[in-house]
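Predicted model, so just to flag it, every value in this text is computed and none were measured.
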Amino acid sequence: MAAAEQTGALDILQELPHPAVPTLRVPALPLSVDGERVLHRSAPPELGAHTRDVLAEAGYSEQEIEELAAAGVVAFGRG
């Protein structure tokens, strides 16, 4: 998609700073407000960045989360 001629013509790729992907380019949101394209505010999180939070919200205790990590079932990102 990124290399497609139509993508370039529409100027829909947005560059975002990302620690793991120096040249991250993502499609901009398909919305316009007052003629201005709505842009992403930040890059997507790194893999595993929210694992601990999601598991806690799902009811796992801190001990259970640590056990899952120790067993290699989950990993945590830097975020």
Using every non-hydrogen atom in the two residues, find where Val74 and Ile65 come nearest and quote the distance to one decimal. CG2-O, 4.4 Å

Just checking Glu62: does its CD atom have more than 12 heavy atoms from other residues, nucleotides or ligands closer to it than 6.0 angstrom? yes

What are the two closest non-hydrogen atoms of His50 and Pro45, and how far apart are they? CE1-CB, 3.4 Å

Between CZ of Phe76 and CG of Leu68, what distance do you get to the nearest 0.5 Å? 8.0 Å

Quick one: does His40's side chain get under 4.5 Å of Leu29's, heavy atoms only? yes

Nearest heavy-atom neighbours spanning Ala20 and Glu46: CB-OE1, 4.1 Å

What's the shortest heavy-atom distance between Leu24 and Pro44, and which atoms? CD2-CD, 3.8 Å

Find the distance between CD (Glu66) and CZ (Arg52) and round it off to the nearest 0.5 Å. 4.5 Å

hydrophobic_cluster_shared for Leu39 and Val33, side chain cutoff 4.5 Å: no

Minimal non-hydrogen separation, Pro17 against Ala43, with atom names: O-CB, 3.2 Å

Close side-chain approach of Arg37 to Ile12, heavy-atom, < 4.5 Å: yes

